[in-house]
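Okay, so here's the structure we're looking at.
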Amino acid sequence: MFSTSVKVLIMMACLFAIPLFITPFFNKSPSIVMAMWQRVGLLQQELPQENSLPSPLAGQHLTDTWGGARSEGRSHEGIDIFAPRGTPIAATTQGVVSKVGDDRLGGRVVFIIGPGGAAHYYAHLEDYADISPNDWVNAGDIVGYVGDSGNAKGTPPHVHYGVYINGNAVNPYPLLVKNK
């Protein structure tokens, strides 16, 4: 179909195009590419199991506040863990940071995609740690600080911790290791 010289020309053009078009993408966005690979690896891991996650606020009392009535006819899709304003909040899992920003209800929030693709949601933060979308975090890394942002303004400082599996909220209380 094509002569050998045409094939060689096409191959040389492709070899020329790779550094021109593909390499700059990888050089400009290494964290995006790395985060994509890390997410693929996380999807192959097991979802969190009962009593498998450390508390985001070690040493603080945990109460199951899942399902409680909230404004606008909603129910509580997580648990609230109270602590003094500014207390560091630790990641409950390893994973890729998918959001660091504002949310209408949650105020200052952080989302982390962890094993099995579970999304871990930290809301009502006073401030963020030094993290950005596509960063890798390990369990125990600081993701933010306890506050009362969003629709929690004026309430006692706390972190709202939620877990979403396949886009559906699940009660995080049974997943957390309880202090004895």
Side-chain angles (χ1 to χ4, degrees), residues 34-70 74-101 103 105-152 155-180:
M34 181 62 78
M36 288 178 1
W37 281 112
Q38 290 169 329
R39 285 183 189 204
V40 168
L42 288 166
L43 288 173
Q44 296 173 19
Q45 296 179 20
E46 294 286 324
L47 285 165
Q49 302 296 312
E50 194 167 310
N51 296 312
S52 68
L53 300 175
S55 172
L57 295 175
Q60 297 298 321
H61 178 74
L62 297 178
T63 302
D64 190 353
T65 58
W66 171 263
R70 292 298 187 262
R74 298 173 300 111
S75 64
H76 197 222
E77 293 185 345
I79 65 170
D80 292 334
I81 308 168
F82 294 87
R85 183 178 306 281
T87 301
I89 301 165
T92 58
T93 185
Q94 67 177 1
V96 176
V97 176
S98 65
K99 179 178 181 175
V100 177
D103 182 273
L105 296 173
R108 293 181 190 96
V109 302
V110 171
F111 269 100
I112 297 171
I113 305 302
H120 299 258
Y121 176 64
Y122 307 83
H124 307 311
L125 308 182
E126 177 74 16
D127 202 0
Y128 309 107
D130 186 18
I131 59 173
S132 300
N134 300 315
D135 284 353
W136 178 265
V137 295
N138 291 304
D141 287 353
I142 304 304
V143 297
Y145 302 91
V146 170
D148 67 347
S149 62
N151 69 350
T155 67
H158 65 282
V159 62
H160 168 95
Y161 175 63
V163 175
Y164 296 83
I165 297 175
N166 296 324
N168 298 309
V170 298
N171 187 349
Y173 183 79
L175 303 176
L176 296 170
V177 174
K178 311 324 176 273
N179 293 334
K180 297 191 186 241

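Computed from heavy atoms alone, side chains included, the values below leave out hydrogens, waters and symmetry copies.
- Contact check for Leu175 versus Tyr161: no side-chain heavy atoms found under the 4.5 Å cut-off.
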Quick one, Arg85 with Asp148, criterion salt bridge (Lys or Arg N to Asp or Glu O under 4.0 Å). Give me CA distance, side-chain angles, the key distance, then yes/no. CA-CA 8 Å; Arg85 183 178 306 281; Asp148 67 347; 3.2 Å; yes
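- Counting all heavy atoms, side chain and backbone alike, Ala118 lies closest to Ile165 at CB-CG1, 4.1 Å.
- With rounding to the nearest 0.5 angstrom, the OG1 atom of Thr155 is 8.0 Å from the CG atom of Asp80.
- At least one side-chain heavy atom of Pro172 sits under 4.5 Å from a side-chain heavy atom of Trp66.
- Between Leu62 and Ser55 the shortest side-chain heavy-atom distance falls below 4.5 Å.
- Contact annotation: the side chain of Asn51 approaches that of Lys178 to within less than 4.5 Å [non-hydrogen atoms, C-beta and beyond].
- With sequence neighbours excluded, no residue forms a salt bridge (Lys or Arg N to Asp or Glu O under 4.0 Å) with Asp135.
- Minimum heavy-atom separation, Leu47 to Gly116: CD2-O, 3.5 Å.
- Ring geometry for Phe82 against His158 counts as tilted: the plane angle lies between 30° and 60°, on a 0 to 90° scale.
- Nearest heavy-atom pair, Gln94 versus Gln45, reported as atom, atom and distance to 0.1 Å: NE2-OE1, 3.0 Å.
- Atom-to-atom distance recorded for His120:NE2 and Ile113:CD1 is 8.0 Å, nearest 0.5 angstrom.
- The side-chain heavy atoms of Trp136 and Met34, taken from C-beta on, include no pair separated by under 4.5 Å.
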Could you go through Thr92 and Tyr122, starting from their C-alpha distance and side-chain angles, then the distance that decides it, and tell me whether this counts as side chain to side chain donor-acceptor pair (under 3.5 Å)? CA-CA 10 Å; Thr92 58; Tyr122 307 83; 3.1 Å; yes
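- Heavy-atom neighbours of Asp130 CG from other residues, nucleotides or ligands within 6.0 Å: at or below the threshold of 12.
- The line from OH of Tyr128 to CD1 of Ile89 is 11.0 Å long, rounded to the nearest 0.5 Å.
- Once rounded to the nearest 0.5 Å, the distance linking CD1 of Ile142 with CD1 of Ile131 reads 10.0 Å.
- For Val146 against Ala83, the heavy-atom pair with the smallest separation is CG1-O, 3.5 Å.
- Put simply, NZ on Lys99 and CG on Asn134 are 14.5 Å apart, with the number rounded to the nearest 0.5 Å.
- Between the side chain of His124 and the main chain of Ser149, a donor-acceptor pair closer than 3.5 Å is present.
- No option in Val163, Val159, Asn171 other than Asn171 meets the side-chain contact (heavy atoms from CB on, under 4.5 Å) test with Ile79.
- Closest approach of Ile112 to Ala91, counting heavy atoms only: CD1-CB, 4.1 Å.
- Atoms OH and CD, on Tyr173 and Glu50 in that order, are 10.5 Å from each other to the nearest 0.5 Å.
- Nearest heavy atom pair, residue Pro115 against residue Thr93, reads CD-OG1, 3.1 Å.
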